[in-house]
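Only this structure's heavy atoms are used, side chains among them; waters, hydrogens and symmetry mates stay out.
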Amino acid sequence: MQFVKFSFLVVLLLSILSSGFAFKGLPILHTPKSIIDYSGNVVPTNGGFPITLTYSDADTLPPTIVLDYGENVGGYPYFDITSTSGNTTLRVSYSETLPSIVNGDMDFFPLIHAFDLNRVNTYTITSMGRLDSSFIQGAQRYQRLTLTTKGSISLSAIGIESAYYVENNSGLQGTFSCSSALYDKLWKMGARTLQLNMIPPRTVQPGFIATDQGLYLSPGQRGVYLRGMKWVNYVATFSAMIMRNGVTFSIRSNDFSEVAIVINSQQESNTNYANTIQLLSRQELHPPVSLILNTSIPFPISQHTWYKVQASLNELALIVSINDNIVLTTQLPGSSNPYIPSVTPGGVGFSTSKSQSAFVKDLTVIDLSGNTLYKDSLTSKKAASDFGVGTNELPVILDGAKRDRNVWAGDLLVGGPALYYSFYANEYISGSIALGNSYQLISGPVASRVGTGFPYQRTAPSDDFVTPIFYSYTYFLATLNTLDEYYLYTGDIDFVKNQWPRMKHLIDSFDALVGSDGLIVGQNPNWGYDFAPSIGIIPGKFTKLNIQYAMALDAAASLATAVGETTLPTQYLKKADAVRKAINNSLFSTTTNTYIISDQMKGIAQDTNAFAILAGLTKLRGENATNNLLDIMQSTLRVPTDSGNGYLTFTSEALPSYVAPFISPYISYFHAAAAFEANRTDMAFDIMNSVWTPMSKEGPYYTGTFWESASPNSYPGASTSFAHAWSAGVTALLSKYVVGIKPTSPGYATWSIRPQPGPLDWANGNAVTPYGILSVSWNNTKVFVMNVDVPPKTKGTVLIPTSESCVVVNGVNMNQGAITTSNTGIEKVSRDGVYLAVSITTPGYYTIAGSKICNGAISVLLFDFKVYIIFALFLILI
């Protein structure tokens with residue numbers, strides 16, 4: 001295994017050097033900060049190295065140490081072994097939180113994966129030197145080592161080599177600081193959460209290794225042919241050579257369920273399964289694996305020997321043969337549930353357990369009429385990536401560092417803003433968009449989620465792709481808003497032009513869903529999920545889906561304008577206005593005075609109403625509608641919690657009986673943004689305090705990163721992701737609204753700075769633009785004073801919260817109105833609600849404050865009068 005990893009890294013390094021690619025920095029070698037617990041014979045116990053674990057007959061307990069890395073880290077674990085004696089077996093477990101460290105902390109079973117699903121690994125130590133893991137452990141603060149067999153082992157170093165974007169928090173391009181240590185910490189934790197989920201290109205090791213003998217399946221791998229999703233009845237033939245214990249192949253595999261067939265050699269270490277064939281039902285949901293049958297193979301299956309394997313499927317009938325000898329004839333269980341394998345369409349997959357390894361080659365799939373569906377020798381890197389377990393070609397942002405480790409389209413609505421205000425490594429957003437959009441159906445939808453090992457597709461839209469990645473109508477639409485926001489912050493018109501044909505196809509495909517009442521209703525029930533799959537499919541006229549459709553039409557109009565379309569922008573905006581009108585007419589409850597979840601669901605949803613405000617729906621209902629809705633949301637969703645207060649994502653009547661109330665930092669981002677946009681700064685700060693502060697408190701659940709979700713009166717379960725990118729939104733909230741920096745045209749060509757100080761005395765922040773750093777600092781202790789450093793080729797408006805009538809800019813007092821004083825860089829000063837707006841047209845450094853003295857105009861008049869006198873004297877003299 002170490003050799004495979006070393007070879008891969010050498011090939012990777014050579015390919016990078018030959019392509020001219022340069023890393024932003026070298027991987028970080030994370031090392032433990034301390035030993036926080038130990039038992040048995042461990043020396044020393046103060047966290048120093050080397051550490052020796054000894055297990056003798058005289059010891060009553062196996063030696064165990066628990067290491068603390070101080071915060072969540074992720075990457076490839078390594079162990080430097082300086083000595084060993086006896087039959088040494090080392091058990092290593094990983095956890096983001098302390099309570100789950102004994103047995104690891106994940107309960108997740110994707111059928112395609114490019115990371116280690118096992119949070120407990122066992123190593124048999126046979127030699128000294130470095131022991132490297134070939135699998136990414138995506139996020140953990142804690143690591144536990146136990147010597148489970150008699151003997152001794154000494155380790156000179158233990159650590160984790162990072163497998164994420166390596167700029168650390170001290171090197172951020174965007175910055176934030178303020179008078180509150182709490183908000184400083186929240187901003188940094190959000191950036192750190194995002195960072196752990198930023199995966200540089202070619203970081204993920206291929207699960208299947210292409211060789212001239214076929215694909216090598218190292219232990220613990222699992223992949224599915226991504227373009228077999230329309231296959232139902234077919235014959236699959238391939239050759240396999242077992243290297244260790246056995247090999248597993250799957251049929252009707254579709255990333256959420258499959259029928260798995262395990263061929264065990266006579267050397268199988270578990271003698272109960274030696275020389276047998278097993279039939280398994282596997283799925284993402286519980287139970288992940290069910291044994292259907294286990295039967296002996298009537299002739300010996302040996303390791304290091306090639307065998308021809310064939311599986312024939314006809315409805316529920318399955319026949320498996322090895323070397324043309326039938327070894328299994330059976331009927332599959334019948335089910336209409338797509339999450340239970342039966343006659344659900346799906347392709348061919350290969351996998352290995354942690355105790356298996358094998359080669360496979362020469363795969364041919366034909367339908368029952370003899371037509372070839374697929375044929376490949378399986379000796380190329382392309383073949384490996386076709387099964388979704390290649391390396392990642394593009395930089396991407398994952399949903400969670402531990403799980404799911406997928407790129408989710410809807411999550412980028414938060415990941416994008418957090419990135420723009422912190423690292424500004426915009427290729428991570430464009431890479432994520434491009435990867436997802438490369439999986440487009442002929443009818444228009446683009447992928448809602450893709451795995452990190454999925455190849456970037458360079459072909460036309462197709463209906464052959466793996467079905468579950470097309471998950472949600474709302475996530476389809478989110479891609480348009482993510483692309484539009486990307487363009488706003490970066491000005492990258494080339495990327496927009498590249499993506500526009502697919503985006504146009506996507507938004508136009510929704511025309512077919514619009515009913516006579518102007519609302520859309522999803523037609524594919526499998527796409528009726530939203531961000532919380534536990535809620536189930538949202539039936540009927542789903543309000544948030546319609547709101548997102550209106551917002552996506554706005555985005556489509558903006559993008560169409562950018563690429564030079566002439567008539568489409570007006571058409572899209574007209575459609576958006578019609579959808580908004582229909583929502584207000586049909587999906588607003590005059591009983592609760594909130595927007596309903598759907599016409600077939602009860603309860604109040606935080607996201608539906610936050611999105612309604614952000615989409616401008618409440619403005620159409622009257623002057624006080626926005627504030628009224630925010631007040632109702634606060635009174636119905638804000639609840640006391642064990643750690644203070646929180647905002648529920650749904651009221652209880654909206655939840656199935658098996659789902660407990662929960663708090664979503666993802667949805668709370670939109671809620672806080674809606675409050676800021678409505679100038680309800682007090683409420684926005686209350687949301688930030690209630691939702692994000694509990695995750696920042698030191699203790700056994702503190703990870704230095706933000707959690708996927710929280711519970712009002714208990715801590716999240718072990719399988720929760722404690723470093724989830726969709727929870728990093730507080731970083732963007734603090735920079736965008738509290739410091740106040742926003743682009744107002746693509747690439748920050750124009751911008752505004754509109755601070756909302758709330759309880760803060762002062763704040764500083766830098767935002768990166770294509771033209772350089774836009775730097776802002778303000779102080780609110782006496783008179784509100786702001787300093788702004790404007791980068792070249794940009795201009796914008798600074799809004800000063802003041803009741804004064806005038807401003808002083810760089811020592812010059814200015815009235816409201818046009819400014820004619822030369823060399824000030826100021827075009828005009830005007831009143832904008834509680835703000836004075838100062839229009840800046842020239843790059844440079846500005847200090848601006850409200851002023852009671854309004855003599856700027858007098859100064860201008862005196863200046864002009866002096867000019868007239870001098871000019872008159874000049875005329876007299878000549």
Side-chain angles (χ1 to χ4, degrees), residues 19-21 198-202 226 382 385 390-397 407-413 415-417 419-420 423-452 454-463 465 469-470 475-510 551-569 571-572 743 745-749 768-770:
S19 64
F21 179 84
M198 295 169 63
I199 309 303
R202 306 175 192 86
L226 297 178
K382 181 182 181 303
S385 65
T391 188
N392 58 308
E393 181 179 347
L394 301 174
V396 293
I397 296 177
V407 180
W408 284 87
D411 298 23
L412 298 177
L413 291 174
L419 179 83
Y420 304 135
F423 302 101
Y424 203 69
N426 301 322
E427 66 274 17
Y428 284 80
I429 291 293
S430 60
S432 300
I433 294 172
L435 180 62
N437 287 352
S438 75
Y439 290 83
Q440 186 170 36
L441 297 176
I442 292 173
S443 58
V446 295
S448 302
R449 62 160 177 163
V450 286
T452 50
F454 282 27
Y456 173 64
Q457 300 290 337
R458 292 176 170 82
T459 57
S462 168
D463 290 339
F465 296 127
I469 68 174
F470 302 97
Y475 274 44
F476 299 157
L477 292 170
T479 303
L480 279 149
N481 293 98
T482 299
L483 179 60
D484 187 43
E485 191 171 50
Y486 170 85
Y487 180 50
L488 177 64
Y489 279 86
T490 68
D492 185 357
I493 187 60
D494 291 337
F495 183 71
V496 171
K497 289 179 177 178
N498 176 268
Q499 296 298 309
W500 173 244
R502 289 180 183 259
M503 293 294 89
K504 180 181 182 301
H505 188 30
L506 168 62
I507 194 64
D508 290 349
S509 72
F510 276 77
M551 297 171 80
L553 285 164
D554 291 340
S558 170
L559 295 168
T561 300
V563 300
E565 298 277 7
T566 54
T567 59
L568 283 178
Q571 294 175 18
Y572 290 141
S745 64
Y748 279 95
V768 184
T769 82

**OP:** Report the C-alpha distance between Y456 and N392 in whole Å, list the side-chain angles of each, state the deciding distance to 0.1 Å, and finish with yes or no for side chain to side chain contact (heavy atoms under 4.5 Å, CB included).
**Re:** CA-CA 8 Å; Y456 173 64; N392 58 308; over 6 Å; no

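Looking at heavy atoms from C-beta onward, P395 lies in side-chain contact with P201 at the 4.5 angstrom threshold. The closest side-chain heavy-atom distance from F470 to L441 is below 4.5 Å. You'll find the side chain of S385 stays beyond 4.5 Å of the side chain of F454, heavy atoms only. Considering only heavy atoms from C-beta on, L394 stays 4.5 Å or farther from E427 through its side chain. The shortest distance between side-chain heavy atoms of P743 and Y487 does not fall below 4.5 Å. For the pair V396/Y428, no side-chain contact is recorded, criterion being any heavy-atom separation below 4.5 Å from C-beta on. Residues I507 and Y572 meet the side-chain proximity criterion, which asks for heavy atoms closer than 4.5 Å. Using a 4.5 Å heavy-atom cutoff, the side chains of L412 and Y486 are not in contact.
Annotation: ring-ring contact (aromatic ring centres under 6.0 Å, His included) contacts of F476 (sequence neighbours excluded): Y473, W527. Every residue two or more places apart in sequence or in another chain was checked for a salt bridge (charged side-chain N to carboxylate O under 4.0 Å, His left out) with D484, and none qualifies. By the salt bridge (charged side-chain N to carboxylate O under 4.0 Å, His left out) test, E393 is found to be paired with R458, residues two or more places apart in sequence or in another chain being considered. Residues passing the side-chain hydrogen bond (donor to acceptor under 3.5 Å, both in side chains) test with N426, sequence neighbours excluded: none. By the salt bridge (charged side-chain N to carboxylate O under 4.0 Å, His left out) test, K382 is found to be paired with D386, residues two or more places apart in sequence or in another chain being considered.
For the salt bridge (Lys or Arg N to Asp or Glu O under 4.0 Å) condition, the pairs that include at least one residue of residues 497-509, sequence neighbours left out, are K504-D508.
Below 30°, between 30° and 60°, or above 60°: for Y489 and Y748 the angle between ring planes is above 60°, a perpendicular geometry.
In this structure, S432 OG and N437 CG are separated by 10.5 Å, a value rounded to the nearest 0.5 Å. Here I469 contributes atom CD1 and R449 contributes atom CZ; the two are 8.5 Å apart, rounded to the nearest 0.5 Å. To the nearest 0.5 Å, atom CD of residue E485 and atom CG of residue L419 are 10.5 Å apart. Rounded to the nearest 0.5 Å, atoms CG (D494) and OG (S430) are 11.5 Å apart.
If you check the side chains of Y475 and D411, you find a donor sitting under 3.5 Å from an acceptor.
Closest non-hydrogen pair, M551 versus N481, comes out as O-ND2, 3.2 Å. The two residues P501 and N498 make their nearest non-hydrogen contact at CD-O, 3.7 Å. Minimum heavy-atom separation, S443 to S509: O-CB, 3.1 Å. Taking every heavy atom of both residues into account, F510 and L506 meet most closely at CD1-O, 3.4 Å. When all heavy atoms of Y420 and I429 are compared, the pair lying nearest together is OH-CG2, 3.5 Å. Smallest separation of non-hydrogen atoms from M503 and L480: CB-CD2, 3.8 Å.
The only option from V446, T479, L483 that meets the side-chain contact (heavy atoms from CB on, under 4.5 Å) definition with Q499 turns out to be L483.
With hydrogens and angles ignored, the 3.5 Å screen pairs a side-chain donor or acceptor of H505 with a backbone N or O of I442.
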